[in-house]
2 protein chains.
Amino acid sequence: MSWDSVFQALGTASSETKLGSAPVALGFGEASPETKAAKNLHNFFTYVAVRVVIAQLADTTPEAHKDLMEFVDRHSLNDGDKFCAALMRESPNHKTLAMRILEVRSAYCNRDFEWDNLERLAKKMADEANTKIMRDYLLETSQVNNDNEK
Amino acid sequence: MSWDSVFQALGTASSETKLGSAPVALGFGEASPETKAAKNLHNFFTYVAVRVVIAQLADTTPEAHKDLMEFVDRHSLNDGDKFCAALMRESPNHKTLAMRILEVRSAYCNRDFEWDNLERLAKKMADEANTKIMRDYLLETSQVNNDNEK
């Protein structure tokens, strides 16, 4: 992905975030990084809710399960709200499915998703990934140096 | 995106999450939804760090700024760790840039990113989006009914 398309995806106007002492223009459009990340999570929660409802229907209501699977095959889940809005309008039966997905994603976001765990995991990932990137590079260049010395 | 490709993107083995009383297989591979979301945030933080470093260099070090901009044009930021690993290996100057990006993303994740705000915004978004989807649908169908009655 080019820088231009990244810029485009996240908007072009500027906002600010603090890093160290100097505020830095980040160009997230009107939205803060937190808003942008929340929007991504929002779409992710819709995806999770669809998965949950599909799993529940598989055991209880084969016909509704088939309807939802077919709809999912034909519609992108990248924009969760767009997906739900389209599902509402497909048929009365699909509308019932859409209402259930809305309910499940709200419950998941408000109750089941482990927010503290997300923060803990992301911080751990940042530390471990940095260590791994530096270690891999050092091992690789040591290897080259050893080979040169042979 | 088809259901299959969503499954593929998130792994195929099964994990569980609780929703209501029944545990539901979600198919997130080895990873929990929290881990998957943390991984996405991790890539997002790399993107933010690159933006921050580019903004800092623009004012202070035009040559390094040009180097980084050119590198970003040629390399995807979708996988942040892969991007940083490649940047480390481009040249000694690029290695310095990579070290700075690693440092900035760690500081951003551990100190500057507003985790509480993320949770608050995502929950607000879930509630507001649900309300909007239902309201839009109701207004639309009321309109149709009104038109039919004319």
Side-chain angles (χ1 to χ4, degrees), chain A residues 1-3 6 17-20 22 24-27 33-42 44-45 47-48 51-52 55-56 69 72-73 76-78 81 84-85 88-89 102 104-110 112-115 117-119 121-123 125-127 129-130 132-134 136-137, chain B residues 1-3 6 17-20 22 24-27 33-42 44-45 47-48 51-52 55-56 69 72-73 76-78 81 84-85 88-89 102 104-110 112-115 117-119 121-123 125-127 129-130 132-134 136-137:
Chain A
M1 191 189 282
S2 77
W3 192 242
V6 173
T17 188
K18 60 185 189 303
L19 202 114
V24 178
L26 276 178
E34 287 78 8
T35 303
K36 177 71 192 160
K39 180 72 191 156
N40 283 339
L41 274 178
H42 179 63
F44 180 63
F45 292 151
Y47 166 80
V48 171
R51 294 287 294 263
V52 167
Q56 290 171 338
M69 290 295 277
V72 163
D73 265 340
S76 167
L77 266 160
N78 287 353
D81 290 344
C84 293
M88 292 276 284
R89 287 157 177 79
L102 294 186
V104 167
R105 82 170 176 186
S106 174
Y108 186 72
C109 171
N110 280 292
D112 291 312
F113 187 71
E114 297 168 359
W115 291 94
N117 204 16
L118 173 70
E119 178 175 349
L121 287 167
K123 288 179 175 176
M125 219 172 262
D127 292 339
N130 280 12
K132 183 180 186 318
I133 287 168
M134 290 186 284
D136 287 353
Y137 178 80
Chain B
M1 189 189 282
S2 76
W3 191 242
V6 173
T17 188
K18 61 185 188 305
L19 201 115
V24 179
L26 275 178
E34 287 78 8
T35 303
K36 177 72 193 162
K39 180 73 193 156
N40 284 338
L41 273 177
H42 179 63
F44 180 63
F45 292 151
Y47 166 81
V48 170
R51 293 288 294 263
V52 167
Q56 291 171 338
M69 290 295 277
V72 164
D73 265 340
S76 167
L77 265 162
N78 288 353
D81 290 345
C84 292
M88 293 276 285
R89 287 157 179 78
L102 295 186
V104 167
R105 82 171 176 185
S106 174
Y108 186 71
C109 170
N110 280 292
D112 290 313
F113 187 71
E114 297 168 359
W115 292 94
N117 204 16
L118 173 70
E119 179 175 348
L121 288 168
K123 288 179 174 176
M125 219 173 264
D127 291 339
N130 280 12
K132 183 180 186 317
I133 287 168
M134 291 185 284
D136 287 353
Y137 178 78

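Letters A, B, ... are given to chains in the order of the sequence lines, protein chains preceding strands, and every chain is numbered from 1.
Residues B/Ile133 and A/Cys84 come closest through the heavy atom pair CD1-CB, 3.9 Å. The shortest heavy-atom contact between B/Glu34 and A/Asp112 is OE2-O, 4.2 Å. Residues B/Ala129 and A/Arg105 come closest through the heavy atom pair CB-NH2, 3.5 Å. Between B/Tyr108 and A/Pro33 the shortest heavy-atom distance is OH-CB, 3.0 Å. The heavy-atom pair separating A/Cys109 from B/Ala122 by the smallest distance is SG-O, 3.7 Å.
Contact tally against chain B (heavy-atom pairs below 4.5 Å) for A/Asp127, A/Asn117, A/Asn110: the top residue is A/Asn110. The candidate with the highest count of non-hydrogen atom pairs below 4.5 Å against chain A, out of B/Lys132, B/Met88, B/Met134, is B/Met88.
For B/Lys39, the parts lying under 4.5 angstrom from a heavy atom of chain A are both the backbone and the side chain. For B/Leu41, the part sitting under 4.5 Å from any heavy atom of chain A is the side chain, from C-beta outward, and nothing else.
Evaluation of the side chain to side chain donor-acceptor pair (under 3.5 Å) rule for B/Lys123 yields B/Glu119 as partners, not counting sequence neighbours.
Between atom OG of residue B/Ser106 and atom CG of residue A/Asn130 there is a gap of 5.5 Å, rounded to the nearest 0.5 Å. Atom NZ of B/Lys36 is separated from atom CG of A/Leu121 by 13.5 Å, given to the nearest 0.5 angstrom.
Side-chain atoms of A/Met125 and B/Asp81, non-hydrogen and from C-beta on, never get closer than 4.5 Å to each other.
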